[in-house]
Amino acid sequence: MSAGCQKAKGALALAILLLSAWGAPRVSAQDTGDLPSTRRAPPTPSHVSSASPSDARATRSSSSPSPSASSSRPSPSLSSSSAFSPSLSNSSSSPLPQTCRMGYVIKSDLPTIDGYYHHLTCFWCYQFTPSHRRKTDLVIKREVTTLSDGTKWAEFVFVVGNETYYFDVEDPVAWGHVQDSLHDPLEASKLEGCCRDALTCCEETPLDSRGEEGSCPRTWDGWMCFPDTPPGDTVSFTCPSYAYKSRSECALEGTKTCWANGSWLQDERGVEKTEYATCSHRVYHIRNYAWEIAMHALSLVAVVPAICMILYFRALRVQRFYLHLNFLLALFGKALMSILDLVVMRIPEYSGDSSVMDENTVGCRFLVFLTKVFSLAVWTWMLAESLYLHRLIVAALRGGGKTWMYLLVGWVPPFLLSGAWATARGVLEDYQCWLGDDHGDAKDLYLITELPKLIILVVNTGLLVNMTRVLMSHLKNTNTDSSTANRRAVKASTFLLPMFGLQFFVTFFVPPFTTPCAGMQAYVFIATAIDGLQGLYIAVVYCYMNNEVRIQVRRSTHHIWQRLPTSAPDVTYDRRTDASHIHSGAGVSVATMASTVD
């Protein structure tokens, strides 16, 4: 190509870039907020700008795209200035081709010399980051730069103080300023991933065979890399991880269409369009949160009366029911804190311009801390109850032991472990109300609270196995045939499973993030029901179905009947049978009690 043609091509590209910079549409500041899950997902951070697809993300937190994502991205605040031209230090051993294509509004082959392609694509990655995910907006300047081959191109730089920098992940000073402008390291790691993926797309260009004549060219659209595509074809892709605020919890797909004339699908403004709207986890997460709230609400409704009954009846103020009371209080706190966590922080991420998680206030972090405390307390009280029951069955002559020892086991570890976790998060990962989980930091702080749960599960399993063995031995010694003894022992052990927490083995293994969202949602529903309904089960089995509790309720009912007007049926009470005899003109009704489970 002659020098004149090369200069003419550069001038034309320069004009296109300048026009696209001025004409780029602004992104709505609204973040739809896909969030991270309390469950443990794949190791890639993610967040959706209003232009594309959580968590869920995981989640703890991610945001979902608006339907017009591909055509509603922000334009920079620009002014004129000069800039220096650092060259790109490419960490890859693969040489870059002379040009690589950028789609979106650019729609042009960009030179790779002097790091130009890297700087420009990284600038657009920054632009596609929602404004509310930035603590401050960098001062962006647009200027014309002359590359080493003599061609002139539009360039975007940012200014800090009196210094001018490129968007270059290989420049520690420049990238440090970019990181400081964002809310947290999680967002910075996603931005860096976007910049590096653009380079990878460019590096792989020579390795791909060219498509048929008239095909849509290989291109980077600002978030995804698309190969040469035959005319009339539609390319499907798994939504990118950095398109979410936290980590994607399941696989959704977007599409990009190649028109029959060999050009990529464009909207009415001439912007090459990628369909990211289908990447949104909004419906997925809202449905999960609604289900989770319903499960915890059922437990809350069941636990409160059980707590009141144990506190009200003096006859129930014994060691066994005292331990049950503390277990129910832990379940009450867990259900209440979980509902508050969902209502106050996670669900609001889907509406409005502001985000409680982005603000990272003391109040929201304290709420997360309490949620962690009560979640751990449920597990430690499962251990305390298991130790108590194991002692009664295996060493019956020694009694139940000291109550204060069970109180220490049940309440001290949750506060100590949660305090250690909160301290570590405050020092090392103080962002997104401690719900965001940036595995790029490789701290694995969640192990502080999750590893003890696994240990408790293993210990409780051993206790239950030993208790079942002892029960079978005792039953066989009472002139009961072997099969009957086995059935009774298994039945008793089954009733104890929720107290020992062994039902969590059902959902112990989390499906990989490549699982389709429909399959992952079924898993989440099952896991949430097992976790959220634990309070309901414990209240029913260990309180409402308990023989001693029912006797106390029946006695109270007798006293209430006695205080009713004389027009009410005549009620007498027989203490020998603990049965109420209600006399009426129609006859006599005798209430009998069911056998206890406790």
Colleague: How about E253: does its CD atom have over 12 heavy atoms from other parts shown lying under 6.0 Å from it?
Modeller: yes
Colleague: Working to the nearest 0.5 Å, report the span between CH2 of W153 and OG of S108.
Modeller: 5.0 Å
Colleague: Got a donor-acceptor contact below 3.5 angstrom from the R134 side chain to the L182 backbone?
Modeller: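 Pair absent, no side-chain N/O of R134 close to backbone of L182.
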Colleague: Can a donor-acceptor pair be found, under 3.5 Å and without considering hydrogens, that links the side chain of T121 to the backbone of H118?
Modeller: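 Yes.
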Colleague: After noting the C-alpha distance and the side-chain angles of T255 and V235, does the key distance pass the side chain to side chain contact (heavy atoms under 4.5 Å, CB included) rule?
Modeller: CA-CA 5 Å; T255 57; V235 180; over 6 Å; no
Colleague: Can Y276 and D221 be counted as having a side-chain donor-acceptor contact under 3.5 angstrom?
Modeller: yes
Colleague: Would you mind checking if E204 and R218 are paired as a salt bridge, meaning a charged N to carboxylate O distance below 4.0 Å?
Modeller: yes
Colleague: State, with a plain yes or no, whether a side-chain heavy atom of W124 is found less than 4.5 Å away from one of V105.
Modeller: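 They are in side-chain contact.
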Colleague: Considering all heavy atoms of both residues, which atom of C433 and which atom of T361 are nearest to each other, and what is their separation?
Modeller: SG-N, 4.4 Å
Colleague: Of the non-hydrogen atoms in Q179 and A188, which two are nearest, and what is the gap between them?
Modeller: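 Scanning both residues completely, I find the closest heavy atoms to be CG-CB, 3.7 Å.
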Colleague: Begin with the C-alpha distance, continue with both residues' side-chain angles, and end with the deciding distance and a verdict on ring-ring contact (aromatic ring centres under 6.0 Å, His included) for Y116 and H119.
Modeller: CA-CA 5 Å; Y116 179 80; H119 299 158; 7.8 Å; no
Colleague: Evaluate the criterion side chain to side chain contact (heavy atoms under 4.5 Å, CB included) for residue pair S181 and Y126; output intermediate values, then yes/no.
Modeller: CA-CA 11 Å; S181 72; Y126 176 81; 3.9 Å; yes
Colleague: Looking at CG of L340 and CG of L342, how far apart are the two atoms once the value is rounded to the nearest 0.5 Å?
Modeller: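 Between atom CG of L340 and atom CG of L342 there are 9.0 Å.
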Colleague: Measure across V144 and K152 and return the closest heavy-atom pair with its distance rounded to 0.1 Å.
Modeller: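 For V144 and K152, the tightest heavy-atom pair comes out as CG1-CB, 3.9 Å.
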Colleague: Answer whether the closest heavy-atom distance between the side chains of E155 and V157 falls below 4.5 Å.
Modeller: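 Yes, side chains in contact.
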Colleague: If I take atom CG from residue L428 and atom CG from residue D430, how far apart are they, to the nearest 0.5 angstrom?
Modeller: 10.0 Å
Colleague: Does the distance from C225 SG to C201 SG come in under 2.5 Å?
Modeller: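 Answer is yes, sulfur atoms closer than 2.5 Å.
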Colleague: With side chains defined as the heavy atoms from C-beta onward, is the minimum distance between M520 and Y284 less than 4.5 Å?
Modeller: yes
Colleague: Apply ring-ring contact (aromatic ring centres under 6.0 Å, His included) to residues F156 and F167 and explain how you reach the verdict.
Modeller: CA-CA 8 Å; F156 296 97; F167 287 88; 8.8 Å; no
Colleague: Can T219 and K107 be counted as having a side-chain donor-acceptor contact under 3.5 angstrom?
Modeller: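 Short answer, no.
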Colleague: Taking all atoms of both residues into account, what is the closest heavy-atom pair of Y117 and A198, and its distance?
Modeller: OH-O, 3.0 Å
Colleague: Treating W223 as the side-chain partner and C239 as the backbone partner, does any N or O pair qualify as donor plus acceptor under 3.5 Å?
Modeller: no
Colleague: What class does the angle between the rings of F226 and F237 fall in, given that below 30° is parallel, 30 to 60° is tilted and above 60° is perpendicular?
Modeller: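 Ring orientation, 0 to 90° scale: perpendicular.
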Colleague: Contact between T146 and T151 at the side-chain level, heavy atoms closer than 4.5 Å - yes or no?
Modeller: no
Colleague: Can you name the closest pair of heavy atoms from C125 and G222 and give their distance?
Modeller: SG-O, 3.7 Å
Colleague: Is there a side-chain contact between H281 and C517 in this structure, where contact means two heavy atoms from C-beta onward sitting under 4.5 Å apart?
Modeller: yes
Colleague: Evaluate the criterion side chain to side chain contact (heavy atoms under 4.5 Å, CB included) for residue pair K256 and W264; output intermediate values, then yes/no.
Modeller: CA-CA 8 Å; K256 192 173 181 68; W264 293 108; 3.6 Å; yes
Colleague: Do the side chain of W421 and the main chain of T449 share a donor and acceptor less than 3.5 angstrom apart?
Modeller: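 No, W421 side chain to T449 backbone: no donor-acceptor pair under 3.5 Å.
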Colleague: What I'd like to find out is whether the side chain of K453 reaches to under 4.5 Å of the side chain of E450, using heavy atoms alone.
Modeller: yes
Colleague: So, does T371 use its side chain to make a donor-acceptor pair with the main chain of L367 at under 3.5 Å?
Modeller: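 Checking the backbone N and O of L367 against the side chain of T371, a donor-acceptor pair under 3.5 Å is found.
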Colleague: Would you call the rings of H177 and Y165 parallel, tilted or perpendicular, where under 30° means parallel and over 60° means perpendicular?
Modeller: tilted
Colleague: Carefully, step by step, assess V368 and L435 under the rule side chain to side chain contact (heavy atoms under 4.5 Å, CB included).
Modeller: CA-CA 8 Å; V368 172; L435 289 175; 3.9 Å; yes
Colleague: State the CG-SG distance between L252 and C279, to the nearest 0.5 angstrom.
Modeller: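 Going from the CG atom of L252 to the SG atom of C279 covers 6.5 Å.
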Colleague: Which heavy atom in T112 sits nearest to a heavy atom in C100, and how many Å separate them?
Modeller: CG2-SG, 4.0 Å
Colleague: What do the steps show when you test K273 against T257 for side-chain hydrogen bond (donor to acceptor under 3.5 Å, both in side chains), and what is the final call?
Modeller: CA-CA 8 Å; K273 182 178 181 181; T257 301; over 6 Å; no
Colleague: Once you find the SG atom in C122 and the one in C195, is the distance between them below 2.5 Å?
Modeller: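 Yes; the two sulfurs sit under 2.5 Å apart.
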Colleague: Is it true that R196 and E170 have a side-chain N and a carboxylate O under 4.0 angstrom from each other?
Modeller: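 Salt bridge between R196 and E170, a charged N being under 4.0 Å from a carboxylate O: yes.
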Colleague: Is R101 salt-bridged to E272, going by a charged N under 4.0 Å from an acidic O?
Modeller: yes
Colleague: Could you give the distance from OG1 (T145) to CG (D114), rounded to the nearest 0.5 Å?
Modeller: 7.5 Å
Colleague: Pick one: which of W220, F128, F123 meets ring-ring contact (aromatic ring centres under 6.0 Å, His included) with Y104?
Modeller: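 Testing Y104 for a ring-ring contact (aromatic ring centres under 6.0 Å, His included) against W220, F128, F123 leaves exactly one candidate, F128.
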Colleague: Please check if any side-chain donor atom of Q521 sits under 3.5 Å from a side-chain acceptor atom of N288, or the reverse.
Modeller: yes
Colleague: Strictly by modelled atom types, are S215 and D228 linked by a side-chain donor-acceptor pair under 3.5 Å?
Modeller: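 No, no side-chain donor-acceptor contact under 3.5 Å.
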